[in-house]
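Below: the structure, in structure tokens.
Nothing here was measured: the structure is a model prediction, and the numbers come from that model.
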2 protein chains.
Amino acid sequence: MTDAKANTTTASSGGVESVDRALSIVGCFQAGDHALSLTEIAARTGLYKSTILRLTVSLEKAGYLVRHQDKSYRLGPELMRLGGLYQRSLRLEDHVRPVLRQLMRESGESASFFRREGAWRICAFREDSTQAIRDHVHEGDRLPLDRGAAGHVLSRFAGTVSAADFAALPLRSFGERESETGAAAVPVFSQREGLVGALTLSGPLTRFTEDRVAVMAPLLLAAGRRLSETLGGHYPA
Amino acid sequence: MTDAKANTTTASSGGVESVDRALSIVGCFQAGDHALSLTEIAARTGLYKSTILRLTVSLEKAGYLVRHQDKSYRLGPELMRLGGLYQRSLRLEDHVRPVLRQLMRESGESASFFRREGAWRICAFREDSTQAIRDHVHEGDRLPLDRGAAGHVLSRFAGTVSAADFAALPLRSFGERESETGAAAVPVFSQREGLVGALTLSGPLTRFTEDRVAVMAPLLLAAGRRLSETLGGHYPA
DNA sequence: AACACAGTTCTATCTAACAGAACTTATGCG
DNA sequence: CGCATAAGTTCTGTTAGATAGAACTGTGTT
């Protein structure tokens, strides 16, 4: 390898450059971006506009992007199909959703299920509270692993776990990831994978006081235990 | 090289081949496929295994695919993030308006989009015909749910739907809600909500004869299907 | 009218994507 | 148990085709 232009950000081996670039275009859409202009995409990715124009033709053909009248790019419907497929391929969903729904009904607060994904946690499933004031997290959202009740659960119950760890459940957080939000969370285990995720109840701090959380605790623990048993994992007796 | 101009034959033109191929790998996952082997992917896409191996490195890096212990490929979590983003970026209006405009241009009649609202239906969006004689409904108008083509659609396609229901599309009404007005309507579905509304063409009975409506029918059906697909819902094949 | 800026087209150059053979594990089957 | 066959992986010479960047068009602003 005669060293190429100074440019290459990824540099590292393997893969196909044009594919990396194309996916970086899709990837530069972040929460809140409804539409991005060619110039904006060029700024975010560092690619030449002509290159983007070429790559987006392929992305449009595949339905990953849609170009609007005003020349702006938006994400395309194929992503929804694939996102749905991904979720269903984890058959977790069938078991988790009913539990979330029940948790939400019993507690009145939003119930979510987080999975670890590298150095992050993603909200795999969620049942929103029906109350007017609630926290806003959506399925697919990626949150930090080191903040929030669910984050702590995914960190602490990843390896071998002591009885003391279970005694501390549910793990709580108050105004930690977001200043106005509180949460309580428990782990979920399966037969084959061990820790698969964290069940959490979350909402505004005004409703997440120590007292209130103490009421939610047994609901969460029961749900975590029940779901884990369904998946073949188990809590200590 | 010699004369570049001549070589316009394949004309699959535009786009980047390696990106097309990479996306065809992701695209070959269909409902029910939890995991695909290298060989299976090669069979479905027609690509060489070595090519797939190279391309999948990029797809894995981007989180579009995950490779399991057993060497099988599964869809990756990035797809869920993007799918979620897509759904939230859906502003119903952005997708409905262009469809209405096209419907109106193709048919020459006023096109409207109705949503159910309790025991009523309201005209959420509308594109008026340019003809001098036309029916007069405005955005925001509240009409009865039990009269008119769009009303019937919103009633009949609300719950579970049979193939026979689809065979009857578009639903028609002649001088029903208003003595001088006729209409034809089809349902629109989305991924999450199911039935979201009804697309309708309406105008004076003098232009809404059985014959004329028969001409509009395929336009409406195509529009309903297309819009539904954009929103992640679907018509039966 | 002149400017600035977004989007688009075009092309010579040379990278890096490709096909296919060769090789190394796994899996089945008699 | 061992032979057969298929799955997965690595390697390489060739050249297709992806790239960078200049040039161009169109649109809105002062």
Does one side chain, of S202(A) or D135(A), offer a donor that lies under 3.5 Å from an acceptor on the other?
yes

Atom pair distance, as rounded to whole Å: [atom1] in [X] and [atom2] in [N]:
| X | N | atom1 | atom2 | value |
| --- | --- | --- | --- | --- |
| L53(A) | dT25(D) | CG | C1' | 13 Å |
| E17(B) | dC18(C) | CD | C1' | 9 Å |
| I52(B) | dT10(D) | CD1 | P | 15 Å |
| D20(B) | dC18(C) | CG | C1' | 15 Å |
| L38(A) | dA6(C) | CG | P | 9 Å |
| L47(B) | dA17(C) | CG | C1' | 12 Å |

Greater than 12 external heavy atoms within 6.0 Å of E93(A)'s CD:
yes

With sugar-phosphate meaning primed atoms plus P, OP1 and OP2, does K49(B) contact a base, only sugar-phosphate, or nothing at under 4.0 Å between heavy atoms?
base

For S37(A), report the nucleic acid contact type (base, sugar-phosphate, nothing); a contact means any heavy atom under 4.0 Å.
sugar-phosphate

Let me know which of E127(B), R134(B), R126(B) forms a side-chain hydrogen bond (donor to acceptor under 3.5 Å, both in side chains) with S110(B).
R126(B)

Does anything in residues 27-39 of chain A pair up under salt bridge (Lys or Arg N to Asp or Glu O under 4.0 Å), and if so which pairs, sequence neighbours excluded?
D33(A)-R44(A)

Please tell me if [X] has a side-chain N or O lying less than 4.0 Å from either OP1 or OP2 of [N].
| X | N | result |
| --- | --- | --- |
| R21(A) | dT19(D) | yes |
| K71(B) | dT9(D) | yes |
| R54(A) | dT19(D) | yes |
| S50(B) | dC18(C) | no |

Of S18(A) and T39(A), the one whose closest nucleotide on DNA chain C sits nearer the 5' end is T39(A)

Of the listed nucleotides dG17(D), dC18(C), dT8(C), the one nearest the side chain of R67(A)
dT8(C)

Between dT8(C), dC18(C), dA20(D), which nucleotide has the shortest distance from any of its atoms to the side chain of L55(B)?
dC18(C)

Electrostatic pair E78(A)-R81(A), nearest N-O below 4.0 angstrom:
yes

